[in-house]
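One structure below.
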Amino acid sequence: QQQVKQSPQSLIVQKGGIPIINCAYENTAFDYFPWYQQFPGKGPALLIAIRPDVSEKKEGRFTISFNKSAKQFSLHIMDSQPGDSATYFCAASIGTGNQFYFGTGTSLTVIP
Amino acid sequence: DVKVTQSSRYLVKRTGEKVFLECVQDMDHENMFWYRQDPGLGLRLIYFSYDVKMKEKGDIPEGYSVSREKKERFSLILESASTNQTSMYLCASSSRPLPDTQYFGPGTRLTVL
């Protein structure tokens, strides 16, 4: 059973576009929501993370929007570049636990 | 700089063989994790360890075991490899307090023939 549901599975945008990746969860005990970025041949690396006490967090061109009541969060990439082409994973964890629950991943391609 | 290394990038084994995947981290992290990554399924946790000689089952432990004799090293063992264990295996580590960033190794692409 997938604890965190992610969509879409793949996404193609033109350079400069704003791809949006969505994730949804059911467990209201989750209190930490990171996004990981994975380039081909590499392991995932932390991109940005948010806690449910804020509705938005920005780091450079990457923004997480968080809707606690809807139990959804999303990643927006402003002014996307070909170098952003990668697989993106959302995840969630419970503060006192050891485990991250990952989404199924979104393969993003940014066309020059 | 943070470093998680895995013993092999590519591995080809035959059905029934015993397979060892090694992971080493140089960050003195308490927590270590083994995931498998499959298209459309994302990252699924096999086992994790929060201390030397301690281990906890993840979501898909069947067919796998682990060993953590030293803090920096976490091994994944396939006792009798099967074709459905063909996958990308990722090791990660993190420190306490939780939650904390997980640092991933580059992965081992295992093919079981």
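Protein chains get the first letters and strands the later ones, always in sequence-line order, with residue 1 at the start of each.
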State, to 0.1 Å, how close Pro44(A) and Leu43(B) come at their nearest heavy-atom pair, and which atoms those are.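 Closest approach of Pro44(A) to Leu43(B), heavy atoms only: CG-CD2, 4.1 Å.
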What option among Ala45(A), Ser10(A), Pro34(A), Gly41(A) has the most heavy-atom pairs under 4.5 Å with chain B?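 That would be Gly41(A).
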Do you know which of Arg44(B), Met88(B), Gln37(B), Arg9(B) has the most heavy-atom pairs under 4.5 Å to chain A?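 Maximum pair count with chain A is reached by Gln37(B).
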Treat each ILVMFWY residue as a node, draw an edge where side-chain heavy atoms are under 4.5 Å apart, and state whether [X] and [Y] are in one component.
X: Val54(A); Y: Phe66(A); result: yes
X: Val66(B); Y: Tyr35(B); result: no
X: Phe73(A); Y: Phe30(A); result: yes
X: Leu110(B); Y: Phe74(B); result: yes
X: Tyr50(B); Y: Leu90(B); result: yes

CZ (Arg14(B)) with more than 12 external heavy atoms under 6.0 Å: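 Counting neighbours around CZ of Arg14(B), 12 or fewer heavy atoms of other residues, nucleotides or ligands fall under 6.0 Å, so no.
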Just checking Glu26(A): does its CD atom have more than 12 heavy atoms from other residues, nucleotides or ligands closer to it than 6.0 angstrom? no
Residue Gln6(A) versus chain B: region with a heavy atom under 4.5 Å: neither
Interface moiety of Leu41(B) toward chain A, non-hydrogen atoms closer than 4.5 Å: backbone
Would you say Asp59(B) and Gln99(A) are linked by a side-chain donor-acceptor pair, where the criterion is simply a distance under 3.5 Å? yes
For residues Phe33(B) and Phe100(A), establish whether the separation of their ring centroids is below 6.0 Å. no
Between the CZ atom in Phe104(B) and the NZ atom in Lys42(A), the distance rounded to the nearest 0.5 Å is 15.0 Å
Tyr36(A) side chain to Gln102(B) main-chain N or O, any donor-acceptor pair under 3.5 Å? yes
